[in-house]
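Worksheet: one structure, shown below.
Since the model is a prediction, treat every value here as computed from it, not as a measurement.
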Amino acid sequence: SEVIMDKVLSQEEINALFSAMSSEELGLRGQPDKDTIGRKIASYDFHCADRISQEQLRSIHLLHEYFGRSFASSLSAYLRAFVDVSLASLEQVSYAAFIKGLPDPTLFASVGMRPLEGNIALELNPSVVFPMIDMILGGPGHPLEENRNLTEIELNIVEGVIKLAMRDLCGAWRPIMELDLSLEGKGTKAQMFQIVSPAETVIAVHLELKIGDNSGMLNLCIPSRMLKSLRGKFDQQWNTHRQKSSGSETERIFELLKPVPVSLSGEMRRSRVTLDDLLKVSV
């Protein structure tokens, strides 16, 4: 053993040793292990340990469909223009992947969801932000010809839209729990807001906004760990909410329908009435 330890290998011997090892490794790979024959082996990524179930994902999908309809109605009244909001997709991704998919610059807001610990993110594409600002200031809603950072004044003007979305988000979440949303910060660089670590799994909710000829995305980012703690509440309360709409919502729909003009016509067929009664007919 002392002779082997003292010997210094030449470069040719080292190359020969590595080539022998690689060929032996290839030979082993070609032969399947007896224990693995007939068994299905699935890869497991430990970075994805905080993913939530498909059942809860479906509940979150329904919840944000309701949010989209509510926000479309609120934003239409706020801008005095027709706004359409539809849920495009919902996915589980890492926070780094969510940030990478956003335009730069954009409108990014960090929103606190008390009593839950942590924040969610709300992002609005510039393709709809600038037409909104133009409409709020009395314009027809012209888009920006060249993408640029929003100024401090523009950020303050569009803050009303963010708070409107926060209000409707509270309403959509009410069947699950009462939330107090607060605007923790806003800016044009998504990278400046680290609501969770880059590798952490989040639920990305992608909603498409259409305002006149302009369209763009409203993206919500919810950390999975926040949702996992609410699994019981989703199971107990969401199904009840879907089966029975709240009284306040019914009243709101009724109030919206009241000013709608409806044409009615009445006919008297095969009815025997006196002329005196006929003259007394009124609306």
Query - Verdict with supporting geometry, V281 and V273, side-chain contact (heavy atoms from CB on, under 4.5 Å) - result: CA-CA 11 Å; V281 170; V273 293; over 6 Å; no

Query - Non-hydrogen atoms of E117 and R225 that approach each other most closely - result: O-NH1, 4.4 Å

Query raised in the report: Do NZ/NE/NH1/NH2 and the carboxylate oxygens of R252 and E255 come within less than 4.0 Å?
Result: no

Query raised in the report: Rounded to the nearest 0.5 Å, what separation is found between the CG atom of D84 and the CG atom of L75?
Result: 11.0 Å

Query raised in the report: Does CZ belonging to R80 count more than 12 external heavy atoms closer than 6.0 Å?
Result: no

Report task. Return the set of residues passing side chain to side chain contact (heavy atoms under 4.5 Å, CB included) with K280 (not counting sequence neighbours), or none when no residue passes. Result -> D276

Report task. Describe, in one word, how the ring planes of H64 and F67 are oriented to each other, choosing from parallel (under 30°), tilted (30 to 60°) and perpendicular (over 60°). Result -> perpendicular

**Report entry** Smallest separation among heavy atoms of V161 and Y78, with atom names
**Finding:** CG2-CE2, 3.9 Å

Query raised in the report: Side chains of N125 and E123: do they bring a donor and an acceptor to under 3.5 Å?
Result: yes

**Report entry** Side-chain (H61) to main-chain (L57) donor-acceptor, under 3.5 angstrom
**Finding:** no

Requested in this report: Please examine the side chains of L164 and S74, heavy atoms only from C-beta on, and report whether any two atoms are closer than 4.5 Å.
Outcome: yes

Report task. Please assess K163 against R167 for the test side-chain contact (heavy atoms from CB on, under 4.5 Å), listing each intermediate value before the final yes or no. Result -> CA-CA 6 Å; K163 289 185 174 178; R167 187 196 71 183; over 6 Å; no

Query raised in the report: Under 4.5 Å between any side-chain heavy atoms of Q92 and I203, yes or no?
Result: yes

Query raised in the report: Under 3.5 Å, is there a donor-acceptor pair between the side chain of N119 and the main chain of I195?
Result: no

Query raised in the report: Rounded to the nearest 0.5 Å, how far apart are CZ of F193 and CG of L122?
Result: 11.5 Å

Report task. Please report the closest heavy-atom contact between P126 and P103, naming both atoms and the distance. Result -> CD-CG, 4.0 Å

Query raised in the report: What pair of heavy atoms forms the shortest contact from A204 to V93, and how long is it?
Result: CB-CG2, 4.2 Å

Query raised in the report: Does NZ in K210 sit with more than 12 non-hydrogen atoms of other residues, nucleotides or ligands closer than 6.0 Å?
Result: no

Report task. Take L107 and F130 through the side-chain contact (heavy atoms from CB on, under 4.5 Å) test and state the conclusion after the steps. Result -> CA-CA 10 Å; L107 173 60; F130 285 105; over 6 Å; no

Query raised in the report: Quick one: which of S197, C221, S224 gives a side chain to side chain contact (heavy atoms under 4.5 Å, CB included) with Y95?
Result: C221

Query raised in the report: Is it true that atom CD1 of I153 has more than 12 heavy atoms of other residues, nucleotides or ligands lying nearer than 6.0 Å?
Result: no

Query raised in the report: When rounded to the nearest 0.5 angstrom, what distance separates CD in E200 from OG in S94?
Result: 10.5 Å

Query raised in the report: How close do F98 and L220 get, heavy atom to heavy atom, and via which atoms?
Result: CE1-O, 4.1 Å

**Report entry** Side-chain (S76) to main-chain (F82) donor-acceptor, under 3.5 angstrom
**Finding:** no

Requested in this report: Give a yes or no on whether the backbone of Y66 and the side-chain of S70 come within a donor-acceptor separation of less than 3.5 Å.
Outcome: no

**Report entry** Sidechain-backbone polar pair: T106 side chain, K189 backbone, donor-acceptor under 3.5 Å
**Finding:** no

Report task. Nearest 0.5 Å please: distance from the CZ atom of F71 over to the CG atom of L207. Result -> 9.0 Å

Query raised in the report: If every non-hydrogen atom of S127 is compared with every non-hydrogen atom of S215, which pair is closest and at what distance?
Result: OG-O, 3.0 Å

**Report entry** Side-chain touch P115/L179, heavy atoms, less than 4.5 angstrom
**Finding:** yes

Query raised in the report: Any chance CG of D277 has more than 12 other-residue heavy atoms, nucleotides or ligands included, within less than 6.0 Å?
Result: yes

**Report entry** E91 CD: over 12 foreign heavy atoms closer than 6.0 Å
**Finding:** yes

Query - Distance (rounded to the nearest 0.5 Å) between K186 NZ and L155 CG - result: 6.0 Å

Query - I120-M217 co-clustered via ILVMFWY side chain contacts under 4.5 Å - result: no

Query raised in the report: Taking atom CG of N214 and atom CE of M132, what is their separation to the nearest 0.5 Å?
Result: 9.5 Å

Query raised in the report: Ignoring hydrogens and geometry, is there a side-chain-to-backbone donor-acceptor pair from E154 to I133 under 3.5 Å?
Result: no

Requested in this report: Could you tell me whether the side chain of N219 and the main chain of L102 form a donor-acceptor pair under 3.5 Å?
Outcome: no

